[in-house]
Colleague: 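My questions will all concern the structure given below.
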4 protein chains.
Amino acid sequence: MAGYMNRATLIGNLGQDPEIRNMQSGERVASFTLATTESWKDKRSGDRQERTEWHRVVVWNEGLIGVLEDYVHKGDKVMVEGMLKTRKWVDQAGNERYTTEIVLSGFNGQLIMLGSPNGAARGEGEPASRTRTGTQTQTQTRTQAAAPSDGGYTPSGGDLDDEIPFGPCVD
Amino acid sequence: MAGYMNRATLIGNLGQDPEIRNMQSGERVASFTLATTESWKDKRSGDRQERTEWHRVVVWNEGLIGVLEDYVHKGDKVMVEGMLKTRKWVDQAGNERYTTEIVLSGFNGQLIMLGSPNGAARGEGEPASRTRTGTQTQTQTRTQAAAPSDGGYTPSGGDLDDEIPFGPCVD
Amino acid sequence: MAGYMNRATLIGNLGQDPEIRNMQSGERVASFTLATTESWKDKRSGDRQERTEWHRVVVWNEGLIGVLEDYVHKGDKVMVEGMLKTRKWVDQAGNERYTTEIVLSGFNGQLIMLGSPNGAARGEGEPASRTRTGTQTQTQTRTQAAAPSDGGYTPSGGDLDDEIPFGPCVD
Amino acid sequence: MAGYMNRATLIGNLGQDPEIRNMQSGERVASFTLATTESWKDKRSGDRQERTEWHRVVVWNEGLIGVLEDYVHKGDKVMVEGMLKTRKWVDQAGNERYTTEIVLSGFNGQLIMLGSPNGAARGEGEPASRTRTGTQTQTQTRTQAAAPSDGGYTPSGGDLDDEIPFGPCVD
DNA sequence: TTTT
DNA sequence: TTTT
């Protein structure tokens, strides 16, 4: 009971497999981008237009991370609900930058699986092997290489205060 | 009916009076920052902690702009609901930057006044004069001067494609 | 901008095909029941428990009715958002009764299709024939017969004020 | 993570002081009615119309009950969020009846105080005395007397399975 | 009456 | 980078 509400609710598709990182604190964090597409009819041309918005989702809730790890993949549709947080970081040129994320943590976060694009893996499937280290590593490598494509975001990395998703793995 | 949802719902207090700008297209845009404060008990010390998150809210709905203009001020508590949009802009050093805003437009936006800090102007009051140019200008000046406090955000301003709130007025 | 909010948001499965009725006013109404299931671990036994809640959804928005008619069927998962309204009616014994529904109308309603249980008909399929009178009639007949099963609800039927879904068709 | 969502979000005013009851299990329950008012312009006459919807809110979360007890009164504006549950009961004539409530329990419930009508007691005030037994009793009596006004609801009361709010106190 |  |  705080007198405030800070909530984002999204239904969209994952742009890539969730990336899971181990923090120095022993916690894990999962992160992924989520696409929401709005479409409308252009007033003049009457053409159908569409625009995709990309959101960064960060999950600190260990229960949800387990679900993401086992059942959620690139392209899947999910509903997520969390808090909006804007994080400050410093880019390689030393400029302060800000990134806004939807953060799911504790009881503030919710995630509902809404199906795979191909109808498979609707959550009823067997969990993916927990020993998919190769995939994990590959994902992280690719993500680092692709960093500029997700908004020029390159976290400074390093000390504990800096334990942020979407960046280099600290373990 | 699109299969997607993109929604942020906030209850918080305005960081400053809404700033209203005239676009070259003839439309108006209102913008303000909104503070949501979360508080919790620190596990170790047991101390009450709190953290304020600042959100940028942008309103394109003319009906809501009229309400903001007449009844909503710095410090007031409101509920807003809109879409998350991340906007790209170029700072003075030529760097690409990204800012995420809560955008209220058309039927995607909602605003509910929840009272002033001092109990006055709970919406029943008479509208503020529509000719408060002085205040407006002052607000904008202050906002620009205070830019660093709201995230170091300094939009590039200029051409039509650049019609962004929180920046210099184009009229 | 009203100072009030009245909203229900549900993600669940349809208990039956949407039932569409023609009102005397020329409007159409669609209605269906939606199941949401919560599950939890029993504190004592440790057993997994579950409980299903049934909701009545009523749709007055002609655009959404078209979508329901063409693409949404029994068992499908949908997200709906609308207003809570409690409607008074008189049962056959002359007792006043009250039924609470989630009402989607105008811009207050939202419906997102989230897939069929079998992976088919994910909205990409061709629309069902608009001339499925047989099915429609059958549905309505079945629904009337089954009235007691949905809560003993039997609307009084008749005059214009009484144009309510889940009851006998007036056309 | 269940694949379902069942949520009602309301911003409205309390129809009476919250009523708090002690269950045989030792738990407490708080309940109150909440009014949400929608207003619109009539298409024909152009007159401003309004309609008030009354909702029953039931709170099982002890933390929120403490807040309600100390700070929330008749007429206050609050935001509540909870699950929709339809409860079956038997009226004095032996008829089965159904009542839909917004239930706040555990982490599924949220309550935000949004101010008193008179600007007082905005949460900053000192808590009401915890020994206001008189008021409590009075409230309950009034509520029972006023039963018809809140929908003719008269719960059967009695055994443990029947521990329902808005009814006679069992202690 | 649905679904997992 | 997703999906329809």
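All values below come from the heavy atoms of this structure, side chains included, with hydrogens, waters and symmetry mates left out.
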Colleague: What integer distance in Å separates C:Lys41:NZ from E:dT4:P?
Modeller: 20 Å
Colleague: Output all residues satisfying side chain to side chain donor-acceptor pair (under 3.5 Å) with C:Asp47, sequence neighbours left out; order by chain, then residue number.
Modeller: none
Colleague: What integer distance in Å separates D:Tyr4:OH from E:dT2:P?
Modeller: 11 Å
Colleague: Starting from P on F:dT1, measure out to CG on A:Asp17 and report it in whole angstrom.
Modeller: 15 Å
Colleague: What integer distance in Å separates A:Ile11:CD1 from F:dT3:C1'?
Modeller: 13 Å
Colleague: Decide yes or no, distance alone: a donor-acceptor N/O pair under 3.5 angstrom between the base of F:dT4 and the side-chain of A:Thr37.
Modeller: no
Colleague: Using a 6.0 Å distance limit plus a 45 degree cone around the ring axis, check whether C:Lys74 lies over the aromatic ring of C:Phe32.
Modeller: no
Colleague: Starting at CE of A:Met113 and ending at P of F:dT2, how long is that distance when rounded to a whole Å?
Modeller: 21 Å
Colleague: Go through the side-chain N and O atoms of C:Glu81 and C:Thr9 and say whether any donor and acceptor fall under 3.5 Å apart.
Modeller: yes
Colleague: What nucleotide, of E:dT3, F:dT4, E:dT2, holds the atom closest to the side chain of C:Lys74?
Modeller: E:dT2
Colleague: Stacking between C:Trp54 and the base of E:dT2 (centre distance under 5.5 Å, interplanar angle under 30°)?
Modeller: no
Colleague: If I take atom CG in residue C:Leu10 and atom P in nucleotide E:dT2, what distance separates them, rounded to the nearest angstrom?
Modeller: 18 Å
Colleague: Could you tell me which residues satisfy side chain to side chain donor-acceptor pair (under 3.5 Å) with A:Ser105, sequence neighbours excluded, listed by chain and number?
Modeller: none
Colleague: Tell me: CZ of C:Phe32 to C1' of E:dT1, nearest whole Å?
Modeller: 13 Å
Colleague: Counting heavy atoms from C-beta on, name the nucleotide in F:dT4, E:dT3, F:dT1 closest to the side chain of C:Pro117.
Modeller: E:dT3
Colleague: With a 4.0 Å cut-off on heavy atoms, is C:Thr36 in touch with a base, just the backbone sugar-phosphate, or nothing at all?
Modeller: nothing
Colleague: Can you check the A:Arg56 CZ to F:dT1 P distance for me, whole Å?
Modeller: 14 Å
